[in-house]
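For reference, positions follow the sequence shown, starting with 1.
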Amino acid sequence: VKAINYYASISRDFPKFRELDRVIFNKAFAQLQIEKEDEAERSFIELLKKNKRSRLRPDAFLAIGEINFKRRNFKRALAYFNQVKKYKFARVYPYGLYKAGWSYYNLSAYEQAIQELEKVIAFGKNVEATGGDARLDLRTEALMDLALFYSGVRSASDALRYFKAQSGDNDPFPALRK
């Protein structure tokens, strides 16, 4: 709570501080740590309104999406996850895609959910091909979840071909077994 008050006083007393976005983000993150989701959401929204060029915008969009996902407000969560998708070079970009997929799934928009996980898989393949940060590769998670999404709307007779194509050089059978 002390840290939150400290960040709030910096934000209030130094509105032109050049790293105000970091101050507001850290305040919001601290609020999340003590389960003050409503306050954290307001702080993240404050960051977005006050800092149109902040590098923390995709992280703030993701955090607001997560808050709303946790509340089971999937439509609102999806709106924020879709904002993350505008920042293809952000560290949180693949996770925004992944959570958008889950939001679509929870909204019973299964084909859109599948499409989002396909984008996560394609992104992971690109990370591997370019030697990017392996922590951004969510293919394994996406493939396993894709099996759940797939089973609800697509034909089992085409599953092997589909999962082989999605898996690339990886083994498609763990996903198929699911």
Side-chain angles (χ1 to χ4, degrees), residues 3-4 6-8 10-12 14-127 130 132-146 148-149:
I4 293 168
Y6 180 69
Y7 291 129
I10 293 171
S11 182
R12 181 185 58 250
F14 302 98
K16 302 247 187 235
F17 180 55
R18 66 180 168 85
E19 294 196 29
L20 188 61
D21 61 334
R22 289 180 188 260
V23 172
I24 297 169
F25 186 88
N26 286 333
K27 177 179 74 171
F29 188 76
Q31 290 164 328
L32 280 178
Q33 296 303 304
I34 60 170
E35 298 181 7
K36 300 281 187 182
E37 285 88 4
D38 291 344
E39 292 174 26
E41 182 175 24
R42 284 192 294 275
S43 294
F44 285 122
I45 289 170
E46 175 189 1
L47 181 152
L48 294 171
K49 287 181 179 176
K50 288 184 175 179
N51 298 279
K52 302 289 185 195
R53 295 185 180 165
S54 173
R55 290 180 301 192
L56 294 170
R57 287 179 70 80
D59 298 83
F61 285 125
L62 182 71
I64 297 169
E66 289 283 24
I67 290 166
N68 283 282
F69 192 91
K70 184 177 176 184
R71 291 177 182 151
R72 303 188 59 77
N73 186 342
F74 301 115
K75 190 173 183 179
R76 184 169 165 86
L78 179 60
Y80 283 98
F81 294 139
N82 281 336
Q83 291 297 313
V84 175
K85 292 167 21 179
K86 295 178 180 178
Y87 299 88
K88 292 190 182 210
F89 297 104
R91 179 184 46 83
V92 296
Y93 173 78
Y95 196 67
L97 290 172
Y98 181 76
K99 291 300 289 206
W102 269 103
S103 296
Y104 278 123
Y105 178 80
N106 282 294
L107 291 167
S108 300
Y110 304 119
E111 283 298 332
Q112 288 151 308
I114 288 170
Q115 290 170 14
E116 290 301 314
L117 292 190
E118 289 172 347
K119 291 175 191 173
V120 173
I121 293 165
F123 183 86
K125 288 176 182 176
N126 186 53
V127 166
T130 60
D133 187 346
R135 293 175 296 178
L136 301 178
D137 186 352
L138 301 175
R139 278 184 293 175
T140 301
E141 295 84 354
L143 278 166
M144 295 305 284
D145 295 338
L146 189 57
L148 173 66
F149 296 6

*Measure the NZ-CD1 distance between Lys50 and Ile45 for me, rounded to the nearest 0.5 Å.*
13.0 Å
_Partners passing ring-ring contact (aromatic ring centres under 6.0 Å, His included) against Tyr7 (at least two apart in sequence or in another chain)_ = none
*Name the one of Lys99, Arg71, Arg76 that satisfies salt bridge (charged side-chain N to carboxylate O under 4.0 Å, His left out) with Glu66?*
Lys99
*Might you point out which heavy atoms bring Arg12 and Pro15 nearest each other, and give the distance in Å?*
O-CD, 3.7 Å
*Are Asp59 and Arg91 ion-paired here, with the side-chain N under 4.0 Å from a carboxylate O?*
yes
*With side chains defined as the heavy atoms from C-beta onward, is the minimum distance between Phe14 and Leu20 less than 4.5 Å?*
no
_All ring-ring contact (aromatic ring centres under 6.0 Å, His included) counterparts of Tyr80, not counting sequence neighbours_ = none
*Grab the two heavy atoms, one from Gly124 and one from Asp137, that are nearest each other, plus how far apart they are.*
CA-OD1, 3.4 Å
*Which residues share a ring-ring contact (aromatic ring centres under 6.0 Å, His included) with Phe149, sequence neighbours left out*: Trp102, Tyr105
*Decide yes or no for Leu48 and Glu46: does some side-chain heavy atom of the first lie under 4.5 Å from some side-chain heavy atom of the second?*
no
_Filter on ring-ring contact (aromatic ring centres under 6.0 Å, His included), then keep only pairs touching residues 33-69, sequence neighbours left out; what's left?_
Phe25-Phe44, Phe69-Phe74
*Within a radius of less than 6.0 Å around OH of Tyr6, do more than 12 heavy atoms belonging to other residues, nucleotides or ligands occur?*
no
*What are the two closest non-hydrogen atoms of Val84 and Gly96, and how far apart are they?*
CG1-CA, 4.0 Å
*Using ring-ring contact (aromatic ring centres under 6.0 Å, His included) as the criterion, list what pairs up with Phe29, not counting sequence neighbours.*
none
*CG of Asp21 to CG of Asn26: how many Å apart, nearest 0.5 Å?*
9.5 Å
*Rounded to the nearest 0.5 Å, what's the gap from CZ on Arg22 to CG on Asn51? Could you check?*
11.5 Å
*Interatomic spacing from CG in Asp145 to OG1 in Thr140 - rounded to 0.5 Å*: 11.0 Å
*Would you mind reporting whether Asp133 and Val127 have side-chain heavy atoms less than 4.5 Å apart?*
no
*Ala113 and Gly101: which non-hydrogen atoms are nearest, and at how many Å?*
CB-O, 3.3 Å
*Point-to-point distance, once rounded to the nearest 0.5 Å, from CG of Leu117 to CD of Gln112*: 12.5 Å
*Nearest heavy-atom pair of Ile121 and Ala142: which atoms, and what distance?*
CG1-CB, 3.9 Å
*Hey, are Lys119 and Glu116 close enough for a salt bridge, meaning a charged N less than 4.0 Å from a carboxylate O?*
yes
*What's the shortest heavy-atom distance between Ser11 and Val23, and which atoms?*
N-CG1, 4.3 Å
Can you give the donor-acceptor pairs under 3.5 Å from side chains of residues 30-37 to other protein atoms, not counting sequence neighbours?
{"from": "Gln31", "atom 1": "OE1", "to": "Ala40", "atom 2": "N", "distance (Å)": "3.4"}
{"from": "Gln31", "atom 1": "OE1", "to": "Ser43", "atom 2": "OG", "distance (Å)": "2.7"}
{"from": "Glu37", "atom 1": "OE2", "to": "Lys70", "atom 2": "NZ", "distance (Å)": "3.0"}

*Say you draw a straight line from CZ of Arg57 to CZ of Arg55; how long is it, rounded to the nearest 0.5 Å?*
14.0 Å
*Judged by atom type as modelled, is there a donor-acceptor pair below 3.5 Å linking the side chain of Asn68 to the main-chain atoms of Ile64?*
yes
